[in-house]
Every structure is written in structure tokens, then in C-alpha cells.
Amino acid sequence: MKTRPAESPSSAVPAPRTGAGTALDALPGSFYKRPVLEVARDLIGCTVVHGETAGAIVETEAYHQQEPASHAYIGLTPRTSTLFGPPGVAYVYRSYGIHALFNAVCEPEGVGAAVLIRALRPVAGLELMRRRRSRRPPADEAEAGSVGSEGGSGARAMADRELCSGPGRLAQALGIELGENGTSLVRGPVRVLPRERRAPEIVASTRIGITKAAALPWRFSLAGDENVSRPWPSRSR
DNA sequence: CATGGGATTGACT
DNA sequence: GTCAATCCCATGC
């Protein structure tokens with residue numbers, strides 16, 4: 001049984017701006033119903049919120065059905081149906097049998113395109129993130145009941161920059177799983193909030209971990225941010 | 001129905 | 001630098 005009492009209810013999400021009444025307004029669906037390259041760039045600096053954890057996006061990649069690196073390239077299948085559905089929805093899939101990767105579906109319904117969220121700057125719920133990330137994969141033991149020492153089995157202290165600096169890492173840190181595939185990014189459970197500051201300095205480079213269409217400069221990252229995943233983009237653009 | 005290939009990560013040489 | 005872990009699903013017999 002996965003009886004899971006609510007995590008500590010302390011509000012870890014960034015405090016809402018008082019006054020307007022409506023607190024955390026997510027980006028509207030129309031934000032995503034645009035060319036995927038525009039959305040990928042505009043998502044830098046926005047905040048992903050899931051439960052009591054949240055992080056600011058510092059790295060994205062764009063994927064589109066017209067280029068072979070995209071899952072949508074093969075056309076409409078059970079796996080890619082989310083990609084061809086309405087925009088403003090989460091596309092979550094399992095990579096290498098281990099990691100969940102989190103994307104934002106873009107472009108009008110019928111077009112297969114999405115932005116892969118590759119790295120975040122942790123903003124809220126860092127303790128919970130650390131707990132999720134440091135938990136060893138269930139290959140070793142079942143569940144040791146020892147609570148006294150944290151990471152007693154050789155687990156070193158994890159730096160904040162290791163929590164969300166990669167697509168698999170951030171999904172684990174935020175607790176995003178395959179069940180969130182197809183859910184709304186406007187209504188939740190995973191939501192994306194607009195950035196509060198002016199447009200940041202963004203670096204464009206080539207995408208990571210692909211073999212096809214590898215030359216396209218469709219990776220975007222916040223210049224100089226330490227949470228960006230490796231390899232770090234060269235200064236271009 | 002069997003097989004192969006990942007939009008990755010962490011551990012190790 | 002190399003390499004295994006491990007699940008979903010597309011493809012082929």
C-alpha cells in the first residue's frame with residue numbers, strides 16, 4: 001500500500017503577490033499555442049510548480065514533428081498522442097527505462113511539438129527535493145527503517161545545483177511521474193507560472209543526447225546559470 | 001510474440 | 001573517459 005500521508009504542509013511555494021486576489025496565475029493555454037521555438041525561449045525564467053516544490057526554468061529544448069529527433073516524427077501513435085493533442089499539456093515519458101522526462105506540449109492541436117524542460121534553479125521545497133533525489137533506486141534494499149542517519153550508505157551531501165540540473169533529475173526532484181502525462185499545465189497538478197522579471201540573457205546551442213538533427217540550435221539556456229546541465233553551452237548568439 | 005533502441009544518470013576505470 | 005541499469009513501445013517475423 002502506498003499510504004502516503006501528506007508531506008509537510010508548510011507552504012514552500014513562493015508566496016503569492018498580495019493584492020490582486022488571484023495568487024499564482026499559471027501561463028494561459030494560448031502561451032503554448034505558438035511556434036515551439038518561441039515557447040522554448042520564452043519559458044526560460046518561468047517557474048514550474050508541483051505540490052510544494054518549485055523551480056525556475058534555466059534550460060529548455062524544442063522538438064517538432066518535422067525533424068527526426070522528435071518523438072512526433074513517426075506520426076500519431078499511442079505514445080505520441082499527447083504530443084499531437086491540445087497545447088498547454090504535460091508530455092511525460094520514460095527515458096532509458098529509468099527517468100521521467102517532462103515536456104510542455106506546444107503549437108495548435110494536430111501539430112506534434114513540445115518543449116523539453118532540461119534544468120531548473122530550485123526555488124521551493126528543497127528539502128523534499130533532496131530527499132527524493134538522494135533516495136537510492138530500489139535495487140539495493142527494500143526500505144530500511146533507520147531514520148536516524150540520513151544517507152548512511154555512503155550518500156554524500158548533494159549540492160543544490162545537483163537537484164534539478166538535468167531533465168531526469170528535475171522530474172525526480174519535483175516528483176513528476178508518468179501519471180502526469182496529458183495533464184494540464186494551466187490547471188495542474190503541474191503548473192507553469194510566468195516570469196516576474198524582464199527577459200533574461202539566453203544562449204542558444206545544439207540539443208543534447210540526440211543523433212538525428214543534432215545540428216539544430218534548438219537548446220536554450222540562461223546565460224551563466226550554474227544549474228544548466230552539462231555540457232555547458234558555448235557562448236554564441 | 002521477440003527484439004531493439006532510446007530527448008539520462010551515476011558509478012567506475 | 002566508459003558503461004550498465006531498466007521500461008515503454010515501435011517494428012518485424
Side-chain angles (χ1 to χ4, degrees), chain A residues 36-37 39-41 43-44 48 55 57-85 89-107 111-120 122 129-142 151 153-182 190 204-221 226-233:
Chain A
V36 69
L37 283 174
V39 181
R41 177 176 279 271
L43 277 174
I44 300 293
V48 180
I57 300 172
V58 299
E59 182 183 349
T60 62
E61 283 178 0
Y63 288 87
H64 190 279
Q65 64 177 85
Q66 288 185 342
E67 43 89 16
S70 170
H71 290 169
Y73 184 70
I74 61 174
L76 180 59
T77 68
R79 184 194 194 195
T80 63
S81 63
T82 304
L83 285 171
F84 288 91
V89 163
Y91 169 53
V92 185
Y93 70 96
R94 189 167 299 294
S95 177
Y96 291 91
I98 303 176
H99 309 284
L101 268 58
F102 169 58
N103 302 249
V105 176
C106 297
E107 310 241 358
V111 179
V115 174
L116 170 67
I117 309 302
R118 284 194 57 90
L120 308 173
M129 289 184 184
R130 219 171 273 120
R131 211 177 318 149
R132 287 169 171 158
R133 289 273 299 121
S134 61
R135 191 171 231 171
R136 306 262 306 175
D140 207 21
E141 320 169 16
S153 58
R156 296 162 302 222
M158 185 175 305
D160 289 354
R161 54 184 295 176
E162 298 181 77
L163 292 175
C164 299
S165 56
R169 291 172 170 181
L170 73 89
Q172 185 182 29
L174 295 201
I176 298 174
E177 299 175 19
L178 297 194
E180 268 89 33
N181 182 44
V190 184
S205 57
T206 54
R207 295 176 293 182
I208 304 302
I210 57 173
T211 58
K212 304 166 212 167
L216 294 177
W218 285 11
R219 180 193 187 199
F220 303 96
S221 42
E226 63 173 2
N227 296 282
V228 170
S229 70
R230 291 179 304 169
W232 292 293

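Within every chain, numbering begins at 1; the chains are lettered A, B, ... in the order of the sequence lines, protein sequences first and strands thereafter.
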Residues, nucleotides or ligands: over 12 heavy atoms within 6.0 Å of A:Tyr73 OH: no
Residue list, side-chain contact (heavy atoms from CB on, under 4.5 Å) with A:Ala119, at least two apart or on another chain: A:Val58, A:Glu59
Spacing between A:Arg133 atom CZ and B:dT8 atom C1', to the nearest angstrom: 11 Å
Non-neighbouring partners of A:Ala159 that pass side-chain contact (heavy atoms from CB on, under 4.5 Å), sequence neighbours left out: A:Arg161, A:Glu162
Mind listing the side-chain donor-acceptor pairs of residues 91-98 of chain A below 3.5 Å, one per line with the distance, residues two or more places apart or on another chain?
| unit_1 | atom_1 | unit_2 | atom_2 | d |
| --- | --- | --- | --- | --- |
| A:Tyr91 | OH | A:His71 | ND1 | 2.8 |
| A:Arg94 | NH1 | A:Ile98 | O | 2.9 |

Between B:dG10 (P) and A:Leu163 (CG): distance, integer Å: 11 Å
Partners meeting side chain to side chain donor-acceptor pair (under 3.5 Å) with A:Ser165 (sequence neighbours left out): A:Arg169
N/O (side chain, A:Arg94) to phosphate O (OP1/OP2, B:dA7) under 4.0 Å: no
Interatomic distance, A:Ile208 CD1 vs B:dT9 C1' [rounded to whole Å]: 14 Å
Every protein N/O within reach of nucleotides 9-13 of chain C N/O, cut-off under 3.5 Å:
| unit_1 | atom_1 | unit_2 | atom_2 | d |
| --- | --- | --- | --- | --- |
| C:dA10 | OP1 | A:Thr77 | OG1 | 2.7 |
| C:dA10 | OP1 | A:Arg79 | N | 3.1 |

Among B:dT9, B:dG10, B:dA7, the nucleotide that comes nearest once only the side chain of A:Tyr93 is considered: B:dA7
Side chain of A:Ile98 - closest among C:dA5, B:dT9, B:dA7: C:dA5
Atom-to-atom span, CD1 of A:Ile210 to P of B:dT8 - whole angstrom: 9 Å
P gap between C:dA4 and B:dG4, integer Å: 16 Å
Which residues share a salt bridge (Lys or Arg N to Asp or Glu O under 4.0 Å) with A:Glu67, sequence neighbours left out: A:Arg207
Nucleotide nearest A:Arg169 when distance is taken to its side chain, options B:dT9, B:dA7, C:dT6: B:dT9
Rounded interatomic separation in angstrom, taking CE from A:Met158 and P from B:dA11: 9 Å
Separation of atom CZ in A:Phe102 from atom P in B:dT8, rounded to whole Å: 16 Å
A:Tyr96 aromatic ring stacked with six-membered ring of C:dA5, 5.5 Å and 30°: no
Residues in side chain to side chain donor-acceptor pair (under 3.5 Å) contact with A:Asn227, at least two apart in sequence or another chain: A:Asp225
Distance, nearest 0.5 Å, that separates CD of A:Glu61 from OG of A:Ser205: 7.5 Å
Sequence-distant partners of A:Ser81, side-chain contact (heavy atoms from CB on, under 4.5 Å), two or more places apart: A:Leu76
Intra- and interstrand pairs of DNA chain B - dot-bracket, Watson-Crick/G-U under 3.5 Å, | marks other strand: ||||||.|||||.
Set of residues satisfying side-chain contact (heavy atoms from CB on, under 4.5 Å) with respect to A:Ala173, sequence neighbours excluded: A:Met129, A:Arg133, A:Cys164
Between P of B:dA7 and NE2 of A:His64, the distance in whole Å: 18 Å
Partner residues of A:Thr82 under the side chain to side chain donor-acceptor pair (under 3.5 Å) criterion, sequence neighbours left out: A:Asn181
Nearest-Å distance for atom pair CG/P, residues A:Leu170 and B:dT8: 12 Å
Residues in contact with DNA chain B, drawn from residues 66-73 of chain A - heavy-atom cutoff 4.0 Å: A:Ala69, A:His71
A:Glu226, CD: over 12 other non-hydrogen atoms inside 6.0 angstrom: yes
